[in-house]
Amino acid sequence: MKHTLLPVFVLSAIVLAACGKKEEAPAPAAPAPAAAPAPAPKAVEVLHWWTSGGEAAALGVLKQDLEKQGVSWNDMPVAGGGGEAAMTALRARVTANNPPTAVQMLGFDILDWAKQGALGDLNELAAKEGWDNTVPAALQAFSKHDGKWIAAPVNVHSTNWVWANKAVLDKAGVTELPTNWDDFIKALDKVQKSGAIGLAHGGQPWQEATLFDGVVLATGGVDFYKKALVDKDPAALGSDTMKQAFDRMAQLKKYVDKDFSNRDWNLASAMVIEGKAGFQIMGDWAKGEFLNAKKVPGQDFLCFRVPGTQGMVSFNSDQFAMFKVGDDAKEAQTLLASAIMNPTFQSAFNVVKGSVPARTDVPDTAFDDCGKKGMKDLAEANTAGTLVGSMAHGHAVPASTKNAFYDVITQHFNGKMKSADAVKAMVKAAAE
Ligand code: GAL
């Protein structure tokens with residue numbers, strides 16, 4: 001049998017160990033066991049303008065949803081209804097080459113950023129979750145660019161709504177909700193005579209433009225609205241119908257209180273909530289304020305379409321545009337997009353926000369009467385061809401034209417321009 005010869009130092013080690021003696025020579029230090037790499041913390045940074053009570057409550061639903069999935073939320077709120085200030089803040093971030101993960105955005109703004117190549121590609125997730133089949137085409141027009149999903153739509157709002165305080169109306173003797181312009185004016189008169197303010201309004205360009213959406217629809221109907229505010233047809237913009245719309249804006253001005261200048265929209269909603277004013281013309285984000293104040297639709301407050309716009313819907317949709325991010329941030333961004341598109345979440349969120357879901361497969365069971373009406377109106381208007389993009393909220397014309405329209409509308413509302421001149425100025429604004 002052949003003996004294996006062990007090297008001398010091994011033998012001596014064995015002997016030493018057997019004698020219970022310690023080896024004198026220090027053993028080479030064993031490498032410390034490699035620590036498992038800590039999972040990269042998942043986080044999203046979200047830029048938005050949801051800072052009112054109702055808006056913040058709705059946003060909280062999304063934040064919590066993500067936090068449950070281990071994604072932390074870095075909030076970047078930029079106050080200012082309609083989002084103009086938020087869009088300015090966004091430009092600064094992108095210029096500094098540091099875009100947020102996701103940005104609340106409206107219509108044409110999304111497409112503008114997509115054209116600049118700043119947005120990511122959600123197609124893989126969209127295909128997996130079947131977004132093509134559940135998001136209405138009117139919204140997809142702004143969520144997709146060049147065949148790529150670039151944004152996740154969280155809701156559909158509409159701007160041609162009126163919100164009213166029931167007790168104020170009762171006291172003023174307004175027993176029926178107005179369905180045409182003249183009756184609306186009569187109702188405003190009655191409220192004013194009863195001692196309350198007729199129309200709660202905040203004097204900011206986007207709020208005046210929000211009134212204008214409804215007034216143009218009520219005055220000229222859907223085809224006129226499309227010709228004037230979507231197609232920028234000079235004949236429609238310069239028409240007598242448009243002049244009449246401006247005259248009606250001037251009529252509304254008479255029912256606004258003297259402190260209206262620069263008031264935030266949610267403070268105008270508060271005037272109706274508190275019974276200081278009878279009506280507010282505002283998108284259905286106003287309902288979020290009423291609900292946040294624990295008011296009950298049908299009992300404390302009423303919702304109805306701007307008189308003369310029944311059957312028509314001027315919509316806008318808040319979408320979260322997804323910016324191009326590095327690989328380290330992609331997983332969290334995908335989780336955010338998926339959370340937004342989840343049907344259960346869309347119900348929970350929109351119930352609080354005042355809007356309706358951006359998907360066609362969400363049941364209306366959890367919604368109050370105004371929400372149910374909103375969902376029904378949207379579906380019917382979509383079928384009837386009476387669904388139009390809100391000019392005031394970025395769904396009719398790109399931002400440059402929108403802002404030029406805002407200027408005219410606001411100057412006129414503040415008495416700095418006559419209706420006949422406003423009409424000419426609109427034609428000019430559309431051509432710039
Ligand atoms: C709209 C937006 C709504 C609401 C509103 C007032 O443009 O779509 O979600 O936030 O501004 O801030």
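Every number for a ligand or one of its atoms is a count from 1 in the order of the listing.
- Put simply, part of Gly82 is less than 4.0 Å from ligand 1, judged by heavy atoms.
- To the nearest 0.5 angstrom, Lys253 atom NZ is 12.0 Å from Leu211 atom CG.
- Nearest protein neighbour of atom 1 (C) of ligand 1, counting heavy atoms only, is His393 ND1, 3.5 Å.
- When the options Trp163, Phe184, Trp161 are evaluated for a ring pair (Phe, Tyr, Trp, His ring centres under 6.0 Å) with Phe279, the one that passes is Phe184.
- At a 3.5 angstrom cut-off on N or O pairs, Glu55 counts as close to ligand 1.
- Atom 9 (O) of ligand 1 has as its closest protein heavy atom Asp318 OD2, 2.6 Å.
- Every atom of ligand 1 is numbered from 1 in the order shown, and the set under 4.0 Å from a heavy atom of Leu106 is 7 (O), 8 (O).
- Salt bridge absent: Lys243 and Asp240 never bring a charged side-chain N and a carboxylate O closer than 4.0 Å.
- For Asn155, no heavy-atom contact with ligand 1 is shorter than 4.0 Å.
- At least one side-chain heavy atom of Arg305 sits under 4.5 Å from a side-chain heavy atom of Ser158.
- Taking the six-membered ring for Trp, His157 and Phe315 have ring centres at least 6.0 Å apart.
- Those atoms of ligand 1 with a heavy atom of His157 less than 4.0 angstrom away are 3 (C), 8 (O), 9 (O).
- The Lys353 neighbourhood of ligand 1 comprises atoms 3 (C), 4 (C), 9 (O), 10 (O), with distances under 4.0 Å to a heavy atom of that residue.
- Any N or O atom pair closer than 3.5 Å counts here, and Trp49 shares at least one such pair with ligand 1.
- One finds no salt bridge joining Lys227 and Asp231 here, because no Lys/Arg side-chain nitrogen approaches an Asp/Glu carboxylate oxygen to under 4.0 Å.
- Taking the side chain as every heavy atom from C-beta outward, Leu229 and Phe405 approach each other to under 4.5 Å.
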